[in-house]
Amino acid sequence: MTDVIKIANCSGFYGDKLSAALDMVEGGPIDVLTGDYLAELTMAILYSQKIKRDTGYVATFLKQVKQVLQPCIEKDIKIVSNAGGLNPKAMAAAVKDIAKELGLEVKVAYIDGDDIAPQIELLQSEGETFTNMDTGVDLANSKNKLLTANTYLGAWGIKEALDQGADVVICPRVTDAAVVIGPAAWKFNWQRDNFDALAGALAAGHIIECGQQATGGNYAFFEEVPSFDNPGYPIAEIEANGNFTITKHPGTGGLVSVGTVKAQLLYEIGDPAYKNPDVISHFDALSIAQTGEDRVYVSGCKGSCPPPSHKVCINTLGGYRNGFEILIAGLDIEAKANILTDSFFKNVGGKDQFDEVSIELIRSDKENPAINEEAFARLRIIAKSRNKDLVGRLFNAKLIELMLANIPGVGVPTPIGNGESFLAYWPTLVDSKYITEQVHIDGKVTQVIPSNQLGLTAVHYQTPAANIAKAPTGKMVRIPFGRLFGTRSGDKGGCANVGVWAKTDEAYRFLHQFLSVERLKILMPETKDLEVIRYELANINSLNFFIKGILGEGVASSVRTDPQAKSLGEYLRAKTIEVPELLANSINQNECVKLKH
């Protein structure tokens, strides 16, 4: 047993690089290989697979297991993954078959207890309302049909499996960071009330969960990344006190810097008091420092008691949808779009018959276009209904009828939706007293009770108020927002977040004063009618904006061109703002330094 546990993540999503698992095992010493494959959209995909093929797990993970199982057993590397999805039992059986095929003695554990769909009606009768966290609507008042309901389990089932000698732990819908917290708790035998250490592991898990996003991928200041050839995947070297170093294997591309780590820490969060069923980690208390090439040290994590509830990922059948995108060219774009839109809806019997209609005119046309493509705008129309016939083949036919009978310069429509069903995400909470994890290993079943049901002494942490100095002043100049500030954005159910950070204390003082909620709504007018909450993380010179309802009912049903809000941050960075000249000059100086090196 050494003084750190090296936990390597080989997957940030279902569809990530297949060879990454073997690369992590062969690229250098690690103790645990993890993979994060689940997101709200992934759960919807796995539901369809379970219905059609009786699988419901991430099949590509089994290909990775075939590649790495033997070297992992030889090197005593544990494998912990949430690839079990909706069917961890079947996934565990498939892993055992692979071990047998390879002639290996492997202890495989799987965890369940997350699926509460069969108990929903009983729990409702006992007072659980399953109120949608985004909309405030109770599940009983929804017209949608419930399909899946999976609780986000914590880390203690994973620790129990490892304590019992498991070589491979197959998890269902656990929190993304649980696959890191569990092995760290096992390594150092943390107890349920080691909140600061657990909070550190939670922060580490959150940083490495999305794979190469912590090592230079999707990084705002991408020009700082030396090479995007074969970027490394992240490794968290966690200490007994919960402090940790983020790094990657030598000889790989990408970058691990204060900036890349800070960007990922801000990704897909709301309140910096980041909740998990095992602990609340206070991201506004920790410190981040560069300690070497591709080595970033995170320390001072503070933790407090976990919340009384578990989050639940419910997927419902939201209805059916159809739509299209049409190219409109030339002069009078808006007038043409209005005429075509009115004609189409008269053709199909009116807009009011649909449950929801989205009409979006996306202007990419230019004045005096140099080439044909610069004369195009896109008219995007999508309709939803619980009546499949309303958005079926007739919907498309009524548009095609207009192609020779309406405005000039119309491009061939691109279909969106095709009248197929869509799933609506329903994020909610359930009282933790109803949740019991079960660990299955060698025919033995062990029950694991949530921490908040064990009568632990309450520990709470309040981040001290930051004393922000006065913002710099002087002559103002106009520059793009993103020349001075980095951003990272993403989806949180039907909501989205945009994290913003400054590279220097002076720039943060300006950011803190300048970028209010009101200013954000001016810069991003599509948010003007939405509730936006600003959170401050002065410890890392950052702000986080949580935008409620911008994605509707989640990525699977969103009608936005960017349904996962990945582009919101870069959109903000493209906006031109006025800043003090001394801050603009600091950018030029930094550019000169980079050129010298």
Under the 3.5 angstrom rule, does the side chain of [X] hit a backbone N or O of [Y] as a donor-acceptor pair?
{"X": "D491", "Y": "G493", "result": "no"}
{"X": "R173", "Y": "M43", "result": "no"}
{"X": "S489", "Y": "A565", "result": "yes"}
{"X": "T487", "Y": "G569", "result": "yes"}
{"X": "R573", "Y": "F485", "result": "yes"}
{"X": "S11", "Y": "D36", "result": "yes"}
{"X": "N497", "Y": "F546", "result": "no"}

[X] and side chain to side chain contact (heavy atoms under 4.5 Å, CB included): which single residue from [options] fits?
{"X": "K384", "options": "L390, N322, V391, V559", "result": "V559"}
{"X": "I326", "options": "V412, L399, I407", "result": "L399"}
{"X": "V579", "options": "L511, L484, I587", "result": "L484"}

Verify the neighbour count for atom [atom1] of [X]: are there more than 12 heavy atoms of other residues, nucleotides or ligands below 6.0 Å?
{"X": "K521", "atom1": "NZ", "answer": "yes"}
{"X": "L18", "atom1": "CG", "answer": "yes"}
{"X": "F514", "atom1": "CZ", "answer": "yes"}

For this session: Establish, yes or no, whether a centroid distance under 6.0 Å links the rings of H206 and F283.
Result: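 Distance test on ring centres: under 6.0 Å, yes.
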Over all atoms of both residues, closest heavy-atom pair of [X] and [Y]:
{"X": "I468", "Y": "Y508", "result": "CD1-CE2, 3.8 Å"}
{"X": "F422", "Y": "A556", "result": "CB-O, 4.1 Å"}
{"X": "L46", "Y": "G85", "result": "CD1-CA, 3.8 Å"}

Exercise. Which of these, Y320, F344, F345, sits in a ring-ring contact (aromatic ring centres under 6.0 Å, His included) with F395?
Worked result: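 For F395, the ring-ring contact (aromatic ring centres under 6.0 Å, His included) check succeeds only for F344.
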Problem set entry | Within-4.5 Å side-chain heavy-atom neighbours: I359 and T341 | yes
Exercise. For residues S567 and D562, is any side-chain donor paired with an opposing acceptor at under 3.5 Å?
Worked result: yes
Under 4.0 Å between a side-chain nitrogen and a carboxylate oxygen: does that hold for [X] and [Y]?
{"X": "R488", "Y": "E268", "value": "no"}
{"X": "E526", "Y": "R560", "value": "no"}
{"X": "R386", "Y": "D355", "value": "yes"}

For this session: Kindly indicate, with the supporting measurements, whether the criterion ring pair (Phe, Tyr, Trp, His ring centres under 6.0 Å) is fulfilled by Y37 and F61.
Result: CA-CA 9 Å; Y37 299 86; F61 173 71; 5.7 Å; yes
Problem set entry | Charged tip of K575 within 45° of F481 ring normal and under 6.0 Å | no
For this session: Show your working on side-chain contact (heavy atoms from CB on, under 4.5 Å) between E209 and V179 and close with a plain yes or no.
Result: CA-CA 9 Å; E209 72 184 47; V179 296; over 6 Å; no
